[in-house]
Amino acid sequence: MTDKVPLIETVDLKKDFNDLHVLKGISEKIYKGEVVCIIGPSGGGKSTFLRCLNMLEVPTSGDVYFEGEKLDVKNTDIDLHRQKIGMVFQQFNVFPHLTVLENITLAPTLEKRIPKEEAEKKAMELLEQVGLSDKAKEYPRKLSGGQKQRLAIVRAMAMDPDVMLFDEPTSALDPAMVKGVLEVIKKLAESGMTCVIVTHEMGFAREVADRILFIDDGIVYEEGTPKEFFDHPQKPRTKEFLSQVL
Amino acid sequence: MGPSIPDVLIEYWPMFLKGAVGTLRYAAIAVAGGTLLGTLIAIMRLSNNKILTFLATVYADVLRGTPLLVQMYISYFFLPMVIPALNNVDKEVTVLIALTMNSSAYVSEIIRGGINSVDIGQTEAARSLGMSASHTMTKIILPQALKNILPSLANEYISMIKETSMAGTFMLYELMYTRTLLANKYLSWQPLFIIAGIYLIMTLVLTNLVKFFERRMSVSD
């Protein structure tokens with residue numbers, strides 16, 4: 001895999017919030033088809049790292065390359081790049097003033113100029129896959145948390161992204177809703193979609209990930225395959241973290 | 001006491017009608033112009049550009065911190081001195097400029113509050129989908145903001161209808177100017193009640209119109 005151009009590459013990524021150094025230099029490569037799970041203690045920089053990958057968070061220094069091109073938030077191309085980088089948020093962030101169907105078709109029709117009928121047809125297929133086709137005409141307030149998150153995933157998928165970023169997708173859900181959402185993500189990962197997932201669900205990470213990144217104190221403290229990482233953690237802080245969460 | 005209110009109404013209704021049409025026209029221009037300009041000012045104020053933010057803040061503070069009547073006088077007498085083109089147009093234009101700018105300052109504050117009331121996650125979700133900043137504003141933020149601010153916006157529009165009454169000071173034909181004309185005919189009090197009634201009808205119609213829209217917009221709640 002090393003001779004290919006990475007889908008996403010970060011080079012010495014640093015991010016400060018005022019005096020707080022949240023990311024202290026992360027250089028990582030993520031390749032097409034990889035499923036990378038990011039775990040680590042709260043406040044360690046996991047979400048900030050993920051949010052830098054599509055420039056929702058502008059790095060203080062360092063670069064992010066997507067499909068070989070440097071991302072620049074001041075360049076209008078950023079919108080074109082973001083269309084290929086789907087993102088799912090902890091708080092769902094579905095659009096409450098739009099119906100389920102409109103939530104999905106808005107960006108494709110507006111930004112990619114896909115005809116409305118075509119966008120709706122595709123949206124219905126996607127809704128079918130996540131078991132929400134009967135909710136197409138509803139407004140999001142009628143949906144449960146799990147349904148909102150599945151809608152958010154489908155909304156991102158409708159842009160035909162090359163990678164999906166998940167920022168603690170199940171952390172705001174009732175326990176009963178978690179499984180359904182994880183299943184959708186798992187299906188996506190198994191279909192070959194490149195996924196970068198910040199999660200606290202260790203069992204899930206172990207099951208779907210090709211690679212685990214343990215981010216703590218602003219750096220990738222340890223990484224490895226799920227088996228290496230969970231069964232034979234090398235470093236003290238990783239061992240300590242795993243002993244607390246497993 | 002002189003003639004009764006109905007007598008005055010029957011005798012002079014064309015004048016009241018003309019005044020009411022004038023009031024509605026000025027109000028419509030102030031509402032439409034004030035809303036467009038106010039939205040622009042609000043977006044300027046919330047932009048990342050410090051100069052734009054500063055200019056918009058000064059604009060809103062000055063126009064909200066000084067009386068509309070003073071602004072109208074300045075616009076009426078002073079503006080044509082510095083903008084000679086205004087000498088070639090109807091004098092009502094200068095008064096309308098003051099009305100529109102004044103309302104835009106208040107509207108901008110309301111809209112700014114409305115935009116701020118929309119969760120930042122909405123912007124992040126839209127931008128993460130690759131939506132442009134302008135589409136994010138017009139399709140995601142403003143529709144939600146508008147719903148939150150509809151009641152305060154309606155109050156502002158009602159104020160605007162009432163504030164057009166000051167245009168009569170400059171001999172512009174609106175409801176209060178009708179009073180001036182009829183006072184010359186020794187009708188001192190009857191026109192006042194008729195005019196008050198007409199204003200009340202206008203504002204009540206607007207209030208109910210807004211209630212209707214609020215109900216319609218609440219379908220997504």
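Just so it is clear, the structure is predicted and the values come from calculations on it, not from any experiment. The chains referred to below are lettered A, B, ... by the order of the sequence lines, with proteins before strands, and numbering in each begins at 1.
Looking at A/M159, only its side chain comes within 4.5 Å of chain B, counting heavy atoms on both sides. Using a 4.5 Å cut-off between heavy atoms, A/V94 contacts chain B through its backbone alone, with no side-chain atom that close. The parts of A/F95 that come within reach of chain B are both its backbone and its side chain, each placing non-hydrogen atoms under 4.5 angstrom from that chain. Of the atoms belonging to A/L80, not a single heavy atom falls under 4.5 Å from chain B.
No side-chain heavy atom of A/V35 sits under 4.5 Å from any side-chain heavy atom of A/T194.
When A/V196, A/I197, A/L213 are each tested for a side chain to side chain contact (heavy atoms under 4.5 Å, CB included) with A/C37, only one passes: A/I197.
When the shell of 6.0 Å around CZ of B/F78 is examined, it contains 12 or fewer heavy atoms from other residues, nucleotides or ligands. Dense packing is recorded around CG of A/L20, with more than 12 heavy atoms of other residues, nucleotides or ligands lying under 6.0 Å away. Atom CZ of A/F17 has more than 12 neighbouring heavy atoms from other residues, nucleotides or ligands inside a 6.0 Å radius.
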Problem - Audit row: A/T10, A/L53, side-chain contact (heavy atoms from CB on, under 4.5 Å) steps and yes/no - result: CA-CA 8 Å; A/T10 68; A/L53 299 183; 3.5 Å; yes

Practice task
Let me see the working for A/K121 and A/E117 under salt bridge (charged side-chain N to carboxylate O under 4.0 Å, His left out), right down to the final yes or no.
Solution key: CA-CA 6 Å; A/K121 187 164 165 276; A/E117 300 76 45; over 6 Å; no

Present all donor-acceptor pairs from chain A to chain B with distances below 3.5 Å, rounded to 0.1 Å.
{"residue": "A/R51", "atom": "NH1", "partner": "B/E124", "partner atom": "OE1", "Å": "2.9"}
{"residue": "A/R51", "atom": "NH1", "partner": "B/E124", "partner atom": "OE2", "Å": "3.4"}
{"residue": "A/R51", "atom": "NH2", "partner": "B/E124", "partner atom": "OE2", "Å": "2.7"}
{"residue": "A/D79", "atom": "OD1", "partner": "B/R127", "partner atom": "NH2", "Å": "3.2"}
{"residue": "A/Q83", "atom": "NE2", "partner": "B/G130", "partner atom": "O", "Å": "3.4"}
{"residue": "A/N93", "atom": "ND2", "partner": "B/G121", "partner atom": "O", "Å": "3.2"}
{"residue": "A/V94", "atom": "O", "partner": "B/Q122", "partner atom": "NE2", "Å": "2.8"}
{"residue": "A/H97", "atom": "ND1", "partner": "B/Q144", "partner atom": "NE2", "Å": "3.3"}
{"residue": "A/H97", "atom": "NE2", "partner": "B/K139", "partner atom": "O", "Å": "2.8"}
{"residue": "A/E111", "atom": "OE2", "partner": "B/S132", "partner atom": "N", "Å": "3.3"}
{"residue": "A/E111", "atom": "OE2", "partner": "B/H135", "partner atom": "ND1", "Å": "2.5"}
{"residue": "A/R141", "atom": "NE", "partner": "B/S220", "partner atom": "O", "Å": "3.4"}
{"residue": "A/R141", "atom": "NE", "partner": "B/D221", "partner atom": "O", "Å": "2.1"}
{"residue": "A/R141", "atom": "NH1", "partner": "B/D221", "partner atom": "O", "Å": "2.4"}
{"residue": "A/R141", "atom": "NH2", "partner": "B/V219", "partner atom": "O", "Å": "3.4"}
{"residue": "A/R141", "atom": "NH2", "partner": "B/D221", "partner atom": "O", "Å": "3.0"}

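Within the cation-pi definition used here (under 6.0 Å to the ring centroid, within 45° of the axis), A/K29 does not qualify as a partner of A/Y31.
Across A/L106, A/I85, A/L98, the residue that shares the most heavy-atom pairs under 4.5 angstrom with chain B is A/L106.
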